[in-house]
Amino acid sequence: MGTLFWKFFIVIWLALLTMGGGMGAAFWLRHNPALNANGAEPQIAVNSAAPYLNAANLIFSKSGVNGLRSFLAEFRHNPALPPLFATDDFGKDLLGREVAPNILAQAKSLAASHSNGVRRIKTGEGQTYLLFALYSENNPSTNPRPLQPDPPPPWLPITLGFFISLIFSGVSAWYFAKPIRQLRSAFAAVAGGDLNTRADRTMGQRHDELADLGKNFDHMVSQIQLSVNVQQRLLHDVSHELRSPLARIQTAIGLAYQQPDKIPLMLERIEKESQRMNDLIGELLAISRLEAGVIGKLEVVDINELITEIVEDARLEADSKNVEIDLNIAGEIFLQGYYDLLSRAVENVLRNAIKYTRSHSKVSVDAKLGVSGHQLHIDITDQGPGVAETELSSIFDPFFRGSHSQKSQSIGLGLTIALKALETHHGKINVSNRVEGGLKVEIILPVT
């Protein structure tokens, strides 16, 4: 469970706790005897009852237990006098009244400390009584306790708890709603076309799921912005690439009108430029299908058969430059994949190597399994001029042509298509310059 969960939990818990505490306080105030004058616990009168105790002690010394019992009975019927008790060793009162255990314990404690609030009397038969008086609520003069303030009304803690919980709820609602409103505004800005919008910097110092959501939003917008920029650049490059052959076709047509004797040559030129436009459109459609996921049927691919077929087809082009193709395949290799995509990826890399290698040189194609047996490595190396180190990271960009490129013979989409085809297979492609000269392209594919 994340940080946001605990924030919600603590705020809701505090609100409920405050409200429950207010209601509990109201209940306690309503039923607490210490705050209710009619239910005050009785206590032994220590100082104010001394005259009554002296009188009772005197009657006991003159008339014995029966006289004391009569005196207590008269005290009992006079509400203006404090209740007077005489209890034996078992806590029984002479008049048979019930005495609370805490009063008995208090009387014994006072008697042990020889307090004036309790008198210990003893009969001739050895029976001992504790003589004491309680405060009289009907006679304030016998009750020295300070007046207790009136308890607050029950609605006060309830109201207080209500308003505190209301404040908690309001603050928490504002705290959680603020970043959501900011995200909503950011979404609206992006929907309006402002791809420079970022939400993370509006989150402040938050460290919870909403802050993570802001970071994810920023990452999403960055990816969208990157994709839009790539698409805009691709559109610009496509427009440029199509404009060039169209301009040459128009020029050829104009020359054909002006110089009828050159019509066959101009037709050949027009055919060549038309084929170039057709190839470009075909490459663009291939990229579009890859990005749309239209990739054909998954099957078991025989790598030996695939690479051998590609090399045999490429030998005609290689022979025209006196280029030798050296093919090495280590054993039988099979993998799950899309035959046409894999064939196009390897073919584009191989033809690119043949195109840029020197005449009377060699292109090597090596295919083998990695040490673990779970990866296929296809290395294609040439003996051409290579690629400038500063341009290696851009070699797979659409319409990229390095400083050593033969611009008139290259569309600039072959390696882009190869990269996307390999990514469809969860593979990758690496390029590096060889120490002895030329370029090395390494294709890595998972084998399951």
Side-chain angles (χ1 to χ4, degrees), residues 20-158 161:
M23 296 182 68
F27 182 84
W28 179 76
L29 291 172
R30 177 69 179 82
H31 298 280
N32 186 12
L35 300 176
N36 192 332
N38 294 328
E41 293 184 359
Q43 294 185 12
I44 294 177
V46 177
N47 298 320
S48 58
Y52 308 109
L53 296 179
N54 291 335
N57 192 19
L58 181 62
I59 291 175
F60 174 75
S61 62
K62 298 293 186 180
S63 304
V65 174
N66 292 330
L68 179 60
R69 182 180 289 109
S70 299
F71 179 73
L72 294 178
E74 292 179 3
F75 246 68
R76 181 179 183 181
H77 297 294
N78 191 344
L81 298 176
L84 197 61
F85 291 85
T87 59
D88 59 16
D89 294 336
F90 301 99
K92 295 182 178 179
D93 178 55
L94 278 178
L95 299 182
R97 294 169 293 182
E98 290 188 5
V99 183
N102 63 317
I103 296 299
L104 291 174
Q106 187 179 2
K108 292 179 181 179
S109 175
L110 292 173
S113 62
H114 304 285
S115 171
N116 291 330
V118 176
R119 304 293 170 84
R120 189 188 297 273
I121 56 178
K122 192 173 183 179
T123 64
E125 292 80 12
Q127 180 68 38
T128 302
Y129 289 92
L130 294 179
L131 188 63
F132 55 89
L134 300 182
Y135 287 124
S136 175
E137 299 297 337
N138 296 322
N139 187 358
S141 63
T142 66
N143 190 350
R145 292 177 298 171
L147 295 176
Q148 297 288 342
D150 293 335
W155 57 263
L156 182 61
I158 295 178

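Predicted model only: the values in this text are computed from it and were never measured.
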To the closest 0.5 Å, what do you measure between [atom1] ([X]) and [atom2] ([Y])?
X    : Y    : atom1 : atom2 : result
K108 : D89  : NZ    : CG    : 8.0 Å
L68  : T123 : CG    : OG1   : 11.0 Å
R76  : L72  : CZ    : CG    : 10.0 Å
L84  : Y52  : CG    : OH    : 10.0 Å

Next on the checklist: Tell me the closest heavy-atom pair linking A112 and R120, and the distance in Å.
Outcome noted: N-NH2, 4.4 Å
Checklist entry - Looking at P82 and L134, what are the two nearest heavy atoms and their distance? => result CB-O, 3.1 Å
Checklist outcome for this item: Across all chains, not counting sequence neighbours, the salt bridge (charged side-chain N to carboxylate O under 4.0 Å, His left out) partners of R97 are D93
Checklist entry - Listed by chain and number, what are the side-chain hydrogen bond (donor to acceptor under 3.5 Å, both in side chains) partners of N54, not counting sequence neighbours? => result R119
Item to check | Non-neighbouring partners of N66 that pass side-chain hydrogen bond (donor to acceptor under 3.5 Å, both in side chains), sequence neighbours left out | outcome: R69
Pairing residues for [X] by the side chain to side chain contact (heavy atoms under 4.5 Å, CB included) criterion, not counting sequence neighbours:
X    : value
S109 : none
A107 : I44, V118, L130, F132
L104 : T87, V99

Checklist entry - Taking the side chain from S63 and the backbone from F60, do they hold a donor-acceptor pair closer than 3.5 Å? => result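 Side chain of S63 to backbone of F60: no pair is present.
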